[in-house]
Amino acid sequence: MQIQFLGAAGEVTGSKYLIHTSLEESSCKFLVDYGMFQGAREADEKNQKLLPLHPEEISFLVLTHAHIDHCGLIPRLCAEGFKGPIYCTTTTAKLLEIMLLDSAHIQVSDFERAERKNKLGKWRGDMPVLLYDTKQAIESLNQVKAIPYAKKFSPTPSIEVTFEEAGHILGSSIAVIDVKEKNEASKRLVFSGDLGMFEKPIFRQPSLIESADVLIVESTYGDRLHRNIKETENELVEIVTQTLERGGNVIMPAFAVGRTQEILFILADLIRRERLPHLNVWVDSPMATKVTELTTACMDELDDDAKLLYQWLLDHKNKIDVRFVGDVEESKSLNRLKSGAIIISSSGMCQAGRILHHLINNLPFEKNAIVITGFQALRTLGRRLVDEAVSVKIMGEYVDVKASIHTLGGLSAHADRDNLLKWLKGFKQKPKHVFVVHGEPSASVHFVQSIRETLNWNDVIIPTLQSTFDIS
Ligand SMILES: [Zn+2]
């Protein structure tokens with residue numbers, strides 16, 4: 001057996017792994033995840049790189065979850081000739097449709113805008129890359145096969161796969177893959193996918209896996225500890241109470257998938273526990289609206305606290321008003337709200353989308369508060385706000401920053417170092433091969449060091465991009 005690291009090796013995006021096997025029935029190649037590289041300029045180039053084999057030679061694909069850096073290139077793979085099934089959990093299948101159609105839509109509109117400008121001679125630099133269009137995204141969804149959590153299935157007679165809870169986002173899974181090669185003992189491959197915190201609101205805890213021959217584990221925050229959720233709640237109570245008392249609005253840029261639902265949960269829970277008064281909340285992001293609907297439709301996959309809270313909300317509808325904003329006109333009408341509003345909108349890093357209007361309207365006034373709820377990459381508007389800019393450029397205009405800016409540190413979709421180690425302790429003995437992926441180099445290196453010190457696992461590998469390993 002061989003495993004090749006085609007992404008998320010020395011970086012956090014582009015997750016994809018190619019596994020070659022020699023089975024009794026045939027030789028079989030399959031993929032785990034097929035994500036998009038994001039962020040850096042070289043991402044475009046890497047996203048266009050062809051696989052080291054024809055996609056038609058791949059038998060099937062196992063998908064851990066529907067974040068774009070794990071699934072975002074699937075339509076391109078299918079358009080290039082991959083005909084096999086795409087296995088994922090039932091909820092990932094639903095979320096995948098929302099994510100891939102949104103990704104195609106963004107790419108097509110960016111491309112068309114650039115083309116229009118280019119024709120007028122107004123476009124500078126490289127043209128944006130169109131990796132796939134909406135039709136290709138829809139076609140790829142026809143290959144999806146949804147499988148419930150914890151149900152063993154066989155893509156081919158000598159391979160068995162089970163999806164276990166990863167506690168990261170809706171539908172997220174750990175992929176446990178048992179492979180029986182010709183004349184060999186069966187080997188278990190465990191792909192952690194992205195793991196959530198054990199105490200994360202809404203989601204169930206990541207499942208502990210007891211054994212593996214080959215383990216591929218993420219390390220996004222392998223070098224740091226998150227602030228605890230209680231401190232985060234206290235901070236939020238203070239910000240919301242003070243801002244509403246002084247007659248301001250609270251603006252929260254938030255990722256549409258996961259973070260928006262988590263914030264809604266925390267606000268509702270704080271009201272239930274009488275730590276916050278009745279609130280008027282607007283969720284202004286079509287994608288966040290769709291994902292929130294999906295979340296409430298999948299309550300049985302959430303943790304017990306989330307289920308109890310949801311029931312409490314249904315019984316106490318007068319305690320919180322949450323409005324989901326539809327079209328752009330309705331979104332713009334929120335500009336008239338001068339006080340008492342909590343507006344959750346995207347994009348989470350303030351780079352595009354409806355959040356921009358809310359920032360233009362609310363940043364220039366001291367009474368308002370902007371609450372940053374997630375990671376802000378370098379050179380994003382969100383990062384400039386965190387870095388205390390006194391004035392920022394939004395849609396070509398300079399806007400004074402008078403509102404107070406707060407960062408909530410305790411919300412993260414990813415496990416921190418101690419939570420990753422806690423998950424690793426679930427293995428009864430050290431897996432024979434351990435690969436640390438999905439981390440910036442320093443996060444992965446520090447995490448490997450912690451693994452060595454805490455678990456005494458010595459030969460842990462950080463694979464480089466494109467590297468291949470023989471698994472004996
Ligand atoms: Zn993820």
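Counting starts at 1 for both ligands and their atoms, in listed order.
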*Asks:* I need the OD2(D194)-the Zn ion (ligand 1)-NE2(H168) angle, rounded to 10 degrees.
*Replies:*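 Answer comes to 100°, rounded to 10°.
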
*Asks:* Do F82 and Y34 make the cut of ring centroids closer than 6.0 angstrom?
*Replies:*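 That pair fails the under 6.0 Å test.
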
*Asks:* May I ask you to check whether H70 brings an N, O or S atom to under 2.8 Å from the Zn ion (ligand 1)?
*Replies:*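 False for H70.
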
*Asks:* Is the distance from the Zn ion (ligand 1) to some N, O or S atom of D69 under 2.8 Å?
*Replies:* no

*Asks:* Only one of K430, H433, R452 forms a side-chain hydrogen bond (donor to acceptor under 3.5 Å, both in side chains) with D459, so which one is it?
*Replies:*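 Between D459 and the candidates, side-chain hydrogen bond (donor to acceptor under 3.5 Å, both in side chains) is satisfied uniquely by K430.
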
*Asks:* If you count every heavy atom of other residues, nucleotides or ligands that lies below 6.0 Å from E453 atom CD, does the total exceed 12?
*Replies:*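 Enclosed.
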
*Asks:* If you consider just the N/O/S atoms, which atom of H67 is the closest one to the Zn ion (ligand 1)?
*Replies:*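 Result for H67 and the Zn ion (ligand 1): ND1.
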
*Asks:* Need the atom name: nearest N/O/S atom of H65 to the Zn ion (ligand 1).
*Replies:*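 Atom name of the closest N, O or S in H65: NE2.
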
*Asks:* Under the side-chain hydrogen bond (donor to acceptor under 3.5 Å, both in side chains) test against Q2, which residue among D470, T468, T21 passes?
*Replies:*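 Running side-chain hydrogen bond (donor to acceptor under 3.5 Å, both in side chains) over D470, T468, T21 with Q2 returns exactly one hit, D470.
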
*Asks:* In plain terms, say whether R113 and D110 are close enough for a salt bridge, that is, a side-chain N and a carboxylate O under 4.0 Å apart.
*Replies:*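 A salt bridge is present here (some side-chain N lies under 4.0 Å from a carboxylate O).
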
